[in-house]
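Have a look at the structure below before the remarks.
Below, each value reflects all heavy atoms present in this structure, side chains not excepted, and no hydrogens, waters or symmetry copies. Here is the naming used below: chain letters follow the sequence lines, and residue numbers restart at 1 for every chain. All values derive from a computational prediction rather than experimental measurement.
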Number of protein chains: 2
Amino acid sequence: MEKAQAGARGTNGNGERAERSAQRDPERTRASILAAATKEFAENGMGGARVDAIAERAGINKRMLYHYFGDKEQLYLAVLEEAYIGIRTAEKAINLSDLEPEQGIAELAMFTWRYFLEHPEFLSLLGTENLHRARWLRQSTRLKELHSQLMGKLSELLDRGRAKGLFREDVDPLHLYLTMAALGYFYLSNQYTLSTIFGRDLAERPNLEGWERHIVHVTLASIRR
Amino acid sequence: MEKAQAGARGTNGNGERAERSAQRDPERTRASILAAATKEFAENGMGGARVDAIAERAGINKRMLYHYFGDKEQLYLAVLEEAYIGIRTAEKAINLSDLEPEQGIAELAMFTWRYFLEHPEFLSLLGTENLHRARWLRQSTRLKELHSQLMGKLSELLDRGRAKGLFREDVDPLHLYLTMAALGYFYLSNQYTLSTIFGRDLAERPNLEGWERHIVHVTLASIRR
DNA sequence: CAAGCCAGTAACTAAACAGTTACTTTGTGG
DNA sequence: CCACAAAGTAACTGTTTAGTTACTGGCTTG
């Protein structure tokens with residue numbers, strides 16, 4: 001029925017393997033499983049995620065999922081690793097060397113906030129991973145080698161700011177990073193319970209913009225002399 | 001075999017129902033189911049929690065769980081409600097009226113931090129509830145009536161501080177509350193991934209104490225003139 | 001061009017799971 | 001003191017679940 005079609009589209013005369021049809025594309029299959037699994041795990045957690053739901057979302061046969069990833073846990077680990085690689089890659093691209101220290105810190109705070117805002121699935125996976133006390137993260141040699149680029153940039157800015165007499169002498173870069181991350185993470189990951197309890201939709205545009213300004217304000221206020 | 005024992009202990013001559021034996025104690029059964037369910041849901045989330053595990057932890061027959069709570073979802077809701085009632089009750093007990101504004105804010109920040117620190121199951125339930133976009137919290141009329149006492153106390157302190165010229169004019173009490181809560185929540189709920197990535201155990205005593213001081217410092221720095 | 005491997009399918013299985021049935025025991029109010 | 005309701009048990013059921021088996025189709029390479 002579709003055999004003729006596959007034959008016709010598989011090759012195109014010159015040896016080049018052109019834009020091949022949907023059939024038989026390992027990389028694409030793998031990627032679509034990973035994307036589907038990311039959604040499913042982010043929406044339902046490890047315990048709530050369903051292997052069958054992932055297969056359906058990816059439009060593949062469940063057997064393929066086991067073929068490429070082994071089992072549910074290894075698939076989850078692959079999802080987690082990809083999510084961390086995503087943020088680490090984005091961090092690398094930041095260039096702050098020609099900014100004033102205060103401006104640089106503000107940029108880092110906004111970067112973290114916006115990354116969280118645009119990647120809710122990353123926040124959700126973090127929540128799931130912490131529920132399980134970092135069981136899979138601790139297993140992953142790949143992720144333990146993948147250090148955050150942010151701490152280095154933060155330290156450099158702090159040094160420059162201190163030299164100029166702008167910042168306090170005793171600022172711990174880790175504390176500073178945790179402060180920025182905490183303000184963004186909590187607001188977004190807990191937005192549903194908070195919105196319900198305070199009767200105010202935290203996801204509305206003006207509220208989001210107000211909170212971004214607040215994060216920058218708090219971060220800078222905490223390190224200034 | 002044990003019937004005679006039960007008869008002997010059930011009543012003690014005067015009509016008073018003395019310290020009755022373990023048999024047939026509805027309140028105790030209900031309470032032990034609730035305690036077991038709190039642990040199970042906090043450790044595994046909604047999707048990962050097992051009804052059989054709850055029954056076993058509570059030392060009761062699974063049938064009783066359905067007898068008292070209806071089904072798994074209603075039991076989860078009861079657990080969530082009890083957890084919120086716990087923090088709201090603790091909040092009520094705080095008295096700040098004879099403290100200076102700065103001292104009062106510091107006390108509130110430390111209260112929130114210590115409550116989170118001592119009630120990890122509450123943090124975990126919040127995480128689960130937010131994963132599900134506050135699905136059960138929104139259903140609960142009981143919880144929607146139960147307003148946080150903290151916002152009122154916070155506003156009062158802010159007013160007093162402003163009158164004395166200590167605090168900025170434009171501080172939003174909700175932003176202030178979210179700031180304190182965010183700093184505590186993130187540090188504790190994400191301690192496992194953070195400890196793994198930064199290679200530093202955030203749960204160690206000196207680190208916990210340092211973070212408490214940091215929360216107070218940041219909170220106050222963000223509202224001072 | 002065939003041998004063999006890789007991608008893919010459909011249908012199955014054993015265990016785990018939430019929830020139920022049918023029953024017994026125990027305390028209490030008329 | 002007995003009738004009846006509430007508390008409790010044990011064993012069961014239908015469904016969902018992760019993971020498997022046994023197979024087909026197609027691509028590459030010696």
*Distance in angstrom units between B:Asp52 CG and D:dA10 C1', rounded*: 13 Å
*Are OP1 or OP2 of C:dA16 and a side-chain N or O of B:Arg50 less than 4.0 angstrom apart?*
no
*Which class fits the ring pair A:Tyr115 and A:His119: parallel under 30°, tilted 30 to 60°, perpendicular over 60°?*
parallel
_A:Tyr68 OH - C:dT9 C1' separation (whole Å)_ = 13 Å
_Distance (rounded to the nearest 0.5 Å) between B:Leu154 CG and B:Leu174 CG_ = 9.5 Å
*asked:* I need the CG-C1' distance between A:Asn44 and D:dA18, as an integer number of Å.
replied: 16 Å
*Examine distances only and state if a side-chain atom of B:Lys39 and a backbone atom of B:Glu121 form a donor-acceptor pair shorter than 3.5 Å.*
no
*asked:* Can you confirm whether A:Glu91 sits close enough to A:Ile87 that some side-chain heavy atom of one is under 4.5 Å from a side-chain heavy atom of the other?
replied: yes
*Return the value, rounded to whole Å, for the distance between atom OH of A:Tyr76 and atom C1' of D:dA18.*
18 Å
*Hey, is the side chain of A:Thr29 poking within less than 4.0 Å of OP1 or OP2 on C:dA7, counting only N and O atoms?*
no
_Atom-pair distance (CD on B:Gln74; P on C:dG19), nearest Å_ = 10 Å
*Select one nucleotide: of C:dC17, C:dG8, C:dA7, the one nearest the side-chain heavy atoms of A:Pro26.*
C:dA7
*Whole Å only: how far is the CG atom of B:Asp71 from the C1' atom of C:dG19?*
9 Å
*asked:* Just to be sure I understand the rule, does A:Ala53 reach a base, reach only the sugar-phosphate, or reach nothing, if contact means heavy atoms closer than 4.0 Å?
replied: nothing
*Expressed in angstrom and rounded to an integer, what is the separation of A:Tyr66 atom OH from C:dC12 atom P?*
18 Å
*Grab the CG-C1' distance between A:Leu65 and C:dT9 for me, whole Å please.*
14 Å
_Check the orientation of B:Phe116 and B:Phe122. Use parallel for under 30°, tilted for 30 to 60°, and perpendicular for over 60°._
tilted
*Measure from the side-chain heavy atoms of A:His67 and tell me the nearest of C:dA7, D:dA7, D:dT20.*
C:dA7
_Can you list, in residue-number order, the parts of residues 54-64 of chain B that come under 4.0 Å of DNA chain D, counting heavy atoms only?_
B:Asn61, B:Arg63, B:Met64
*Can you tell me how far the CD atom of B:Glu43 sits from the OG1 atom of B:Thr38, to the nearest 0.5 Å?*
11.0 Å
*Answer yes if the side chains of B:Tyr76 and B:Glu129 hold a donor-acceptor pair under 3.5 Å, and no otherwise.*
yes
